[in-house]
Amino acid sequence: FFFSSRRRHTRCSRDWSSDVCSSDLDPVKDFAPIVLFASVPNMLVVHPSLPAKNVKELIALAKAHPGKINYGSSGNGSASHLATEYFKLLSKTDITAIPYKGTGPLVTDIIAGQISLTITGVPPLLPMVQSGRLRALGVGSTKRIAQLPDVPTIAEAGVKDRKSTRLNSSHGYISYA
């Protein structure tokens with residue numbers, strides 16, 4: 001198990017005994033990437049009842065009503081939670097987090113209108129966007145996705161960062177350096 005604290009991590013065994021814990025790990029120096037095996041683009045979607053038709057309108061709406069718009073994530077610390085928090089940071093908006101226990105309940109509630117928006121992986125959202133049950137405002141990848149060529153990237157929509165891939169979910173393996 002690893003616990004993050006700024007640049008230091010604590011490693012403990014499964015039984016949490018103090019004699020096998022160490023806090024001498026630096027994630028930058030002590031780990032090396034082995035392989036990136038998947039990068040899944042995230043998509044920013046809203047419930048159709050939300051009046052925002054694009055990312056700029058969403059940001060304007062969120063700034064006009066700080067803390068009143070909510071978003072769902074598939075759990076605290078999940079990729080969707082981190083991506084949406086990063087979006088909030090870049091757009092300087094105050095949107096309230098509603099953590100779920102997985103993507104399934106999250107998608108169910110956004111379709112039902114219980115939450116206003118989410119940023120999560122394209123696969124569970126794509127059928128709902130194609131059927132009109134959700135509205136896609138942007139994708140987190142560096143390029144538009146083939147399945148939704150009319151949906152801009154979030155960077156094209158005006159929320160820029162030097163690495164727009166931070167709004168994606170990347171999966172890979174690391175090892176001790």
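Keep in mind that this is a model prediction, so the values were computed, not measured. Excluded from the calculations below are hydrogen atoms, water molecules and symmetry mates; all remaining heavy atoms, backbone and side chain alike, are included.
With sequence neighbours excluded, the residues that form a side chain to side chain donor-acceptor pair (under 3.5 Å) with S49 are H47.
Minimum heavy-atom separation, S116 to N70: N-OD1, 2.8 Å. Minimum interatomic distance between V46 and A52 (heavy atoms only, all atoms of both residues): CG2-O, 4.2 Å. Between V40 and P123, the shortest heavy-atom distance links the atoms CG1-CD, 4.0 Å. L137 and P152 get closest at one heavy-atom pair: O-CG, 3.7 Å.
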Inset, instruction - Carefully, step by step, assess S80 and I119 under the rule side chain to side chain contact (heavy atoms under 4.5 Å, CB included). - result: CA-CA 6 Å; S80 62; I119 299 178; 5.7 Å; no
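Here the CG-CG distance, from L82 to L89, works out to 12.0 Å after rounding to the nearest 0.5 Å. One finds the CD1 atom of I154 at 11.5 Å from the OH atom of Y86 (value rounded to the nearest 0.5 Å).
Sequence neighbours left out, the pairs with a member in residues 75-98 that pass salt bridge (Lys or Arg N to Asp or Glu O under 4.0 Å) are E85-K88. Judged as a salt bridge (Lys or Arg N to Asp or Glu O under 4.0 Å), the pairs with a partner in residues 140-153 (not counting sequence neighbours) are, in order, R144-E156. Sorted by first and then second residue, the salt bridge (Lys or Arg N to Asp or Glu O under 4.0 Å) pairs involving residues 95-105 (not counting sequence neighbours) form an empty list. Legend: salt bridge (Lys or Arg N to Asp or Glu O under 4.0 Å) pairs involving residues 53-67, not counting sequence neighbours: none detected.
Inspection of the T120 and T118 side chains reveals no N or O donor paired with an N or O acceptor under 3.5 Å.
Cluster partners of I115, using a side-chain heavy-atom cutoff of under 4.5 Å among ILVMFWY residues and allowing indirect links, are M43, V45, I98, Y100, L106, V107, I110, I111, V122, L125, L126, M128, V129, L134, V139, I145, L148, V151.
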